[in-house]
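Report on the following structure.
If you're wondering where the values come from, they're calculated on a predicted model, not measured in any experiment.
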Amino acid sequence: MAYQVQVPLAGIAGWRYLERTHEAQKAVFETDTIMQREIAYFEENIGSVTSAADLVADRRLLEFALTAYGLEDDAYKKALVRTILEGGTEDEEALANRITVSGYKEMAEDFGFGNSSGSQTATDGFAAKIVAAYKEQRFETAVGDQNEHLGLAMTLKRKIGELSEGEGKSWYTVLGDKDLRQIFEGAFGLPSAFVNIDIDQQARMIEKKADQMFGGSSLTVFQDETNIDKLILRYLARKQVEEGWVNPGSPAASALTLLQNRDGNGSYGIMNLIYGA
């Protein structure tokens, strides 16, 4: 029987538990027989794949590769995947550079099929890099199966590093990624109707919220690990209150009024009440 990730607590307490047990749980999780079989198949065969056509022709390799980039749900979109990979990333107009779905640009760049350097699948370290990403993604999915919000927090941790580099990234990148959008909208207390307003107005609003919380309106503020932690805790704290993970009358519950007040001051109230931050 496959190991089931242990998430005995919800909200912020659950996140802290995962932080403490992440490596130990992941090590056990990766011993799964089926996972090890898929890893072995990928390692043995990926080096012979020299084109996007080769990759999409092998269902197991394709599913493995897409999973490593968080794109496993697109395994049936073979024509799209092939087009993206064959187009590479060197042309600004390449589909990989224009598509809003997170993961495709990184995949196209790493595999190199459409770039001047050519296929990278047989180069030293390539298979190891994809396998590592695959393991992390599978563990992240397993956590999400136990608790959606904790899974999203892990997704944020995985993706935010590249976003914080700033180059070619903007709040439109966040708004175009369903997982990141959910984290930021939740952390900033934005209403469900937020998604229906003009996209440029959405970007301006989320930029303003970031400036209020982190003292900077650029994604580069997340080069600071403290800000990443603050964002995750804020998101989980809101969900903890909104979904009733706290006892009535507790400090966290009494913070709900502050959370509903969107004037900026209330937005920090829950962190102060729960953690004395």
Side-chain angles (χ1 to χ4, degrees), residues 69-71 73-74 77 80-81 83-85 87-109 148-149 151-239 242 258-271:
Y69 293 91
L71 298 166
D73 291 341
D74 285 359
K77 300 178 181 179
L80 174 65
V81 174
T83 299
I84 292 172
L85 296 183
T89 58
E90 293 174 344
D91 185 341
E92 290 184 2
E93 295 302 312
L95 184 54
N97 293 324
R98 294 185 289 110
I99 193 167
T100 58
V101 180
S102 176
Y104 274 118
K105 180 178 181 180
E106 293 75 21
M107 185 176 179
E109 186 171 344
E148 176 190 5
H149 304 306
L152 284 172
M154 289 191 68
T155 298
L156 185 280
K157 285 280 284 189
R158 173 171 55 86
K159 293 181 175 181
I160 200 66
E162 182 189 351
L163 286 175
S164 68
E165 294 173 2
E167 184 177 354
K169 305 296 181 182
S170 70
W171 289 109
Y172 293 99
T173 307
V174 170
L175 294 170
D177 185 302
K178 63 181 180 63
D179 294 329
L180 294 178
R181 170 187 276 272
Q182 190 169 340
I183 285 278
F184 279 93
E185 286 181 352
F188 292 160
L190 296 168
S192 58
F194 176 72
V195 69
N196 298 322
I197 67 175
D198 176 76
I199 189 66
D200 292 327
Q201 188 175 355
Q202 288 183 47
R204 288 192 294 271
M205 288 178 66
I206 203 168
E207 182 179 55
K208 181 178 180 180
K209 289 283 188 179
D211 191 36
Q212 291 173 344
M213 184 184 297
F214 304 111
S217 59
S218 167
L219 286 167
T220 57
V221 297
F222 297 111
Q223 291 175 2
D224 185 343
E225 288 284 340
T226 302
N227 286 336
I228 298 174
D229 195 53
K230 185 176 182 180
L231 176 66
I232 290 173
L233 294 185
R234 180 179 172 84
Y235 168 74
L236 293 174
R238 281 186 176 275
K239 295 304 176 183
E242 291 171 6
L258 292 178
L259 283 174
Q260 292 172 331
N261 177 2
R262 307 186 189 284
D263 64 1
N265 294 326
S267 66
Y268 291 97
I270 187 151
M271 302 310 299

query = Is the shortest heavy-atom distance from the side chain of Lys157 to the side chain of Ile228 under 4.5 Å?
reply = yes
request  = Answer yes or no: is there an ion pair linking Asp74 with Lys77, defined by an N-O contact shorter than 4.0 Å?
outcome  = yes
inquiry  = The test is side-chain contact (heavy atoms from CB on, under 4.5 Å); show your working for Leu236 and Lys239 and say whether it passes.
reply    = CA-CA 5 Å; Leu236 293 174; Lys239 295 304 176 183; 5.5 Å; no
inquiry  = Checking the side chain of Trp171 only, and the main-chain atoms of Met205 only, is there a donor and an acceptor separated by less than 3.5 Å?
reply    = no
task = Taking all non-hydrogen atoms of both residues into account, name the closest pair between Ala96 and Thr89 and its distance.
result = CB-CG2, 4.1 Å
request  = Applying salt bridge (charged side-chain N to carboxylate O under 4.0 Å, His left out), run through Glu185 and Lys178 and close with a yes or a no.
outcome  = CA-CA 10 Å; Glu185 286 181 352; Lys178 63 181 180 63; over 6 Å; no
query = What pair of heavy atoms forms the shortest contact from Ala94 to Gly88, and how long is it?
reply = CB-O, 3.4 Å
request  = Output the distance between atom CZ (Phe188) and atom NZ (Lys208), rounded to the nearest 0.5 Å.
outcome  = 13.0 Å
ask   = After noting the C-alpha distance and the side-chain angles of Met154 and Lys159, does the key distance pass the side-chain contact (heavy atoms from CB on, under 4.5 Å) rule?
value = CA-CA 9 Å; Met154 289 191 68; Lys159 293 181 175 181; over 6 Å; no
key: Distance (rounded to the nearest 0.5 Å) between Leu85 CG and Met107 CE   = 5.0 Å
ask   = Is a side-chain N or O of Asp179 found less than 3.5 angstrom from the main chain of Leu152, in a donor-acceptor match?
value = no
task = Give the intermediate values and the outcome of side-chain contact (heavy atoms from CB on, under 4.5 Å) for residues Ile232 and Ile183.
result = CA-CA 8 Å; Ile232 290 173; Ile183 285 278; 5.8 Å; no
ask   = Do Leu95 and Tyr104 touch side chain to side chain, with heavy atoms closer than 4.5 Å?
value = no
Inter-residue atom distance Ile84.CD1 - Leu71.CG, 0.5 Å rounding = 8.0 Å
key: Any Asn97 side-chain heavy atom under 4.5 Å of Asp91 side chain   = no
request  = Check whether any side-chain heavy atom of Gln202 lies under 4.5 Å from a side-chain heavy atom of Arg181, and answer yes or no.
outcome  = yes
Nearest atoms (heavy-atom pairs only) where Glu92 meets Arg98 = O-CG, 4.2 Å
ask   = Any side-chain heavy-atom pair from Arg234 and Met213 closer than 4.5 angstrom?
value = yes
message = Between Glu106 (side chain only) and Gly103 (backbone N and O only), is there a donor and an acceptor less than 3.5 Å apart?
response = yes
query = Arg204 and Glu207: salt bridge (charged side-chain N to carboxylate O under 4.0 Å, His left out), yes or no, with the steps?
reply = CA-CA 5 Å; Arg204 288 192 294 271; Glu207 182 179 55; over 6 Å; no
task = Taking the side chain as every heavy atom from C-beta outward, state whether Leu219 and Val174 have any atom pair closer than 4.5 Å.
result = yes
task = Let me know which of Phe222, Phe214, Tyr235 forms a ring-ring contact (aromatic ring centres under 6.0 Å, His included) with Phe184.
result = Phe222
ask   = For Asp211 and Gly216, which heavy atoms make the closest approach, and how far apart are they?
value = OD1-N, 3.2 Å
key: Between CG on residue Leu180 and OG1 on residue Thr173, distance to nearest 0.5 Å   = 9.0 Å
